[in-house]
Amino acid sequence: MNVFNRDAIVSASAQLKRRVEPVAIQLNGQAGVIYVREVLGIERESYSDKLHAATKDGGRLKNYAAELFLMYASDADGAPMFVETDLPIIVKLPAAVLDSVVAAGLKLNGMDEKAQADALKNLSVEQTDA
């Protein structure tokens with residue numbers, strides 16, 4: 001296993017190529033593919049800020065699935081497919097399309113429950129092996 005120092009992380013950050021994965025979807029009776037992308041920390045924090053602001057007084061984030069779809073949907077190179085002003089379009093997509101993209105995005109970014117549980121398990125194993 002590599003141990004990265006500050007210089008290696010700074011260098012990698014400057015040359016970052018996001019991971020992308022295809023997700024099969026059905027849209028208007030046609031099969032196709034959309035890509036989900038690896039998000040940056042700042043993008044995830046922006047979503048977390050929206051979630052926190054919306055739920056601070058007992059509310060909820062409106063269109064949370066569409067917001068996640070917006071964050072994850074990309075072209076094959078990892079560039080965002082949509083912008084914030086596209087939310088009115090995204091919320092009109094079938095729920096199955098939103099759910100497929102969101103589930104794949106969460107998994108790719110290690111944010112789904114299984115990925116988080118696996119990471120905790122791996123961390124526990126690494127710490128006890130030391």
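For Arg18, the side chain to side chain donor-acceptor pair (under 3.5 Å) partners are Glu43, not counting sequence neighbours. Qualifying side chain to side chain contact (heavy atoms under 4.5 Å, CB included) partners for Val10, counting only residues two or more places apart in sequence or in other chains: Arg6. Taking the side chain to side chain contact (heavy atoms under 4.5 Å, CB included) definition, one finds that Pro80 meets it with Arg37, sequence neighbours left out. With sequence neighbours left out, the side chain to side chain contact (heavy atoms under 4.5 Å, CB included) criterion links Glu84 to Lys50, Glu67, Leu70, Leu87. Partners of Ser11 under the side chain to side chain donor-acceptor pair (under 3.5 Å) rule, at least two apart in sequence or in another chain, are Gln15. In this structure Lys62 satisfies the side chain to side chain donor-acceptor pair (under 3.5 Å) test with no other residue, sequence neighbours excluded. The side chain to side chain contact (heavy atoms under 4.5 Å, CB included) test applied to Val23 returns Ile25, Ile34, Val36, Ser100, Ala104, not counting sequence neighbours.
Grouping Ile, Leu, Val, Met, Phe, Trp and Tyr by side-chain contacts under 4.5 Å, direct or through others, puts Leu40 with Leu16, Ile42. Under a 4.5 Å side-chain heavy-atom criterion applied to ILVMFWY residues, the cluster that includes Tyr35 comprises Val20, Val33 as well.
The closest donor-acceptor contact from the side chain of Asp75 to the backbone of Asp77 lies under 3.5 Å.
Sorted by first then second residue, the side chain to side chain donor-acceptor pair (under 3.5 Å) pairs that include residues 19-33, not counting sequence neighbours, are Arg19-Glu38. A ring-ring contact (aromatic ring centres under 6.0 Å, His included) check over residues 73-104, counting only residues at least two apart or in different chains, returns the pairs Phe69-Phe82.
Closest heavy-atom contact between Leu106 and Tyr72: CD2-OH, 3.4 Å.
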Pairs of donor and acceptor atoms involving the side chains of residues 89-96, under 3.5 Å and at least two apart or interchain, shall be tabulated with distances.
none

